[in-house]
Trainee: 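Take this structure, written in structure tokens, and hold onto it; I'll ask about it next.
Because only heavy atoms are used, hydrogens play no part in the values below, and waters and symmetry mates are left out as well, while side chains stay in. Count residues from 1 along the sequence.
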Amino acid sequence: MPMRNSGSKIRSEILFLGTASVLPEAGNDTASVLLDRKYLIDAGWYAPLNMLRFGVTPLDIEAVFITHFHQDHYLGLVDLIFYFAMNKKKYAERSPVRIYGPKEDIDDVYRRICILLKADIDLGVLGSMQFDLIGVSPGTAVDIPEYTVMPCRTEHAVPSLCYRFTSRGTGRTIAYTGDTGYSETLSEELAGIDLLIHEASCGAAVGPHVGHSGAVDAATCAVHARVRRLILTHCEKRLRSDALKAAKAVFRETRLSKPGDRVLL
């Protein structure tokens, strides 16, 4: 939940659930974060388990923001819906979870998730579960209780989004890229934000890459956007050390994320 500092202003909390690339090593997960412990941004393989691991009940989740529908970014949504179904009575006492994602794919992917879950959940139980599916497009803002969320287009092989969150309490801004190749347009749309969480799946390598970024690409985006801080994520273990060094050579205020990291703004 939002936290208050000594000046009583609400602060945003980012909790990293997973930071790995498409094949996570033991003890990690594919890239996903929690904002204020109730907004899930991308859903790694083990999203519900990781929430519990870091002291968050999945029943606290109010909304899920999927950057794009490649499996390593939404597989945990299957388990999250299963968790809700196994806690049907408690879930029924709360408002339906809102699931946001690229409008081109969200309905079809959700239909496939339901088909998969029918093998494990009684049809009556699954059919009575209520979710709000909300397809979003670049440039069309979404309002949630504490934030205005602006989806921005990213460069990837399927429809994909970066989400920029602006706190209505503090004005602080956070952006989470998902998968993307370097894009000057994205840098412009992220101008002046406080925290950029950017993928670095290509490690220390320098672009161009088709649909993915290296650490130098992420740092270059941070420089051009004039952001305050950069955190690298979505990078496999063997590449992380060199990726951090390469990024810091371009943008000094860079750090590398790890599971369980908590950042307050």
Trainee: With side chains defined as the heavy atoms from C-beta onward, is the minimum distance between T180 and H198 less than 4.5 Å?
Mentor: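 The answer is yes; the side chains approach within 4.5 Å.
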
Trainee: Do any pairs count as a ring-ring contact (aromatic ring centres under 6.0 Å, His included) and have a residue in residues 229-265, sequence neighbours left out, and if so which ones?
Mentor: H73-H234

Trainee: Quick one: are L52 and P58 in side-chain contact, heavy atoms under 4.5 Å?
Mentor: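 Result yes, sub-4.5 Å side-chain heavy-atom pair found.
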
Trainee: Check side-chain hydrogen bond (donor to acceptor under 3.5 Å, both in side chains) between T154 and all other residues, then give those that pass, not counting sequence neighbours.
Mentor: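 T154 satisfies side-chain hydrogen bond (donor to acceptor under 3.5 Å, both in side chains) with S160 once adjacent residues are dropped.
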
Trainee: Quick one, L77 and I99 - any side-chain contact, counting heavy atoms below 4.5 Å?
Mentor: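 Sidechains of I99 and L77: in contact.
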
Trainee: Going by an N to O cut-off under 4.0 Å, is there a salt bridge joining D107 and R111?
Mentor: no

Trainee: Take S12 and Y147 through the test side-chain hydrogen bond (donor to acceptor under 3.5 Å, both in side chains) and record every step on the way to the result.
Mentor: CA-CA 10 Å; S12 300; Y147 298 90; 2.6 Å; yes

Trainee: Going by atom types only, do R98 and Y100 share a side-chain donor-acceptor pair under 3.5 Å?
Mentor: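 Checked: R98/Y100 side chains pair up, N/O donor to acceptor below 3.5 Å.
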
Trainee: Mark yes when over 12 heavy atoms from residues, nucleotides or ligands other than E25 sit less than 6.0 Å from its CD; otherwise mark no.
Mentor: yes

Trainee: Test side-chain hydrogen bond (donor to acceptor under 3.5 Å, both in side chains) on H224 and Y182; report intermediate values, then the result.
Mentor: CA-CA 11 Å; H224 288 173; Y182 179 75; 2.7 Å; yes

Trainee: Spell out, yes or no, whether L196 and L256 are grouped together once hydrophobic residues are joined by side-chain heavy atoms under 4.5 Å, including indirect joins.
Mentor: yes

Trainee: Kindly state each residue pair satisfying side-chain hydrogen bond (donor to acceptor under 3.5 Å, both in side chains) with at least one member in residues 188-197, sequence neighbours excluded.
Mentor: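 Pairs touching residues 188-197 that pass the test: T173-D194, D194-R228.
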
Trainee: Could you check Y74 against F69 for ring-ring contact (aromatic ring centres under 6.0 Å, His included), going step by step and ending with a plain yes or no?
Mentor: CA-CA 6 Å; Y74 82 88; F69 287 101; 5.6 Å; yes

Trainee: With sequence neighbours left out, what residues match F16 under ring-ring contact (aromatic ring centres under 6.0 Å, His included)?
Mentor: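 Checked F16 against ring-ring contact (aromatic ring centres under 6.0 Å, His included); zero matches.
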
Trainee: Please answer: with hydrophobic residues joined when any side-chain heavy atoms are less than 4.5 Å apart, are M86 and L49 in the same cluster?
Mentor: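 No, M86 does not connect to L49 through the hydrophobic network.
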
Trainee: Ignoring hydrogens and angles, tell me if any N or O in the side chain of T177 forms a donor-acceptor pair with the backbone of D179 under 3.5 Å.
Mentor: no

Trainee: Report the distance from atom CD of E199 to atom NE2 of H156, rounding to the nearest 0.5 Å.
Mentor: 7.5 Å

Trainee: I'd like to know if the side chain of T67 and the backbone of C162 have a donor-acceptor N/O pair within less than 3.5 Å.
Mentor: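 Pair absent, no side-chain N/O of T67 close to backbone of C162.
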
Trainee: Under a 4.5 Å side-chain heavy-atom rule over Ile, Leu, Val, Met, Phe, Trp and Tyr, are L232 and L239 clustered together?
Mentor: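 Different clusters.
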
Trainee: So, D108 side chain and D105 main chain: donor-acceptor pair closer than 3.5 Å or not?
Mentor: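 Checking the backbone N and O of D105 against the side chain of D108, no donor-acceptor pair under 3.5 Å is found.
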
Trainee: Does atom NZ (K248) have a neighbourhood of more than 12 heavy atoms from anything else shown, all under 6.0 Å?
Mentor: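 Yes.
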
Trainee: Under the rule for ring-ring contact (aromatic ring centres under 6.0 Å, His included), what residues qualify as partners of F131, not counting sequence neighbours?
Mentor: Y91

Trainee: Using the rule that two of Ile, Leu, Val, Met, Phe, Trp, Tyr join whenever any of their side-chain heavy atoms come within less than 4.5 Å, decide whether M150 and I106 are in one cluster.
Mentor: no

Trainee: Please check this pair: side chain of N28 against backbone of T19, looking for a donor-acceptor N/O pair closer than 3.5 Å.
Mentor: yes

Trainee: Rounded to the nearest 0.5 Å, how far apart are CG of L17 and CZ of F54?
Mentor: 7.0 Å

Trainee: In terms of the angle between their ring planes, are H70 and H68 parallel, tilted or perpendicular, with boundaries placed at 30° and 60°?
Mentor: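 Geometry flag for H68 against H70: perpendicular rings.
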
Trainee: Do NZ/NE/NH1/NH2 and the carboxylate oxygens of E146 and R168 come within less than 4.0 Å?
Mentor: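 No, E146 and R168 are not salt-bridged.
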
Trainee: Report whether V216 and V227 are members of the same hydrophobic cluster (ILVMFWY, side-chain heavy atoms less than 4.5 Å apart, transitive linking).
Mentor: yes

Trainee: Rounded to the nearest 0.5 Å, how far does CG of L195 lie from CD1 of I174?
Mentor: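 Reported value, rounded in 0.5 Å steps: 6.0 Å.
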
Trainee: Check whether the ring centres of F165 and F65 lie less than 6.0 Å apart, and answer yes or no.
Mentor: yes

Trainee: Please tell me if the side chains of L161 and V136 come closer than 4.5 Å, counting only heavy atoms from C-beta onward.
Mentor: yes

Trainee: Measure from the side-chain N and O atoms of D261 to the backbone N and O of K258, and report whether any donor-acceptor pair falls under 3.5 Å.
Mentor: yes

Trainee: Quick test of your reading: applying side-chain hydrogen bond (donor to acceptor under 3.5 Å, both in side chains), list the pairs with at least one residue in residues 46-56, sequence neighbours left out, ordered by first then second residue.
Mentor: D29-N50

Trainee: Looking at NZ of K90 and CG of L59, how far apart are the two atoms once the value is rounded to the nearest 0.5 Å?
Mentor: 6.5 Å

Trainee: Would you check if V97 and D132 make a side-chain contact, meaning some heavy-atom pair closer than 4.5 Å?
Mentor: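 No, too far: nothing below the 4.5 Å cut-off.
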
Trainee: Starting at CG of D60, measure out to CG of L40 and round the result to the nearest 0.5 Å.
Mentor: 12.5 Å

Trainee: Is the backbone N or O of L23 less than 3.5 Å from a side-chain atom of S21, with the two atoms forming a donor-acceptor pair by type?
Mentor: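 A pair under 3.5 Å: no.
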
Trainee: Is there side-chain contact between I144 and V149, with at least one heavy-atom pair below 4.5 Å?
Mentor: yes

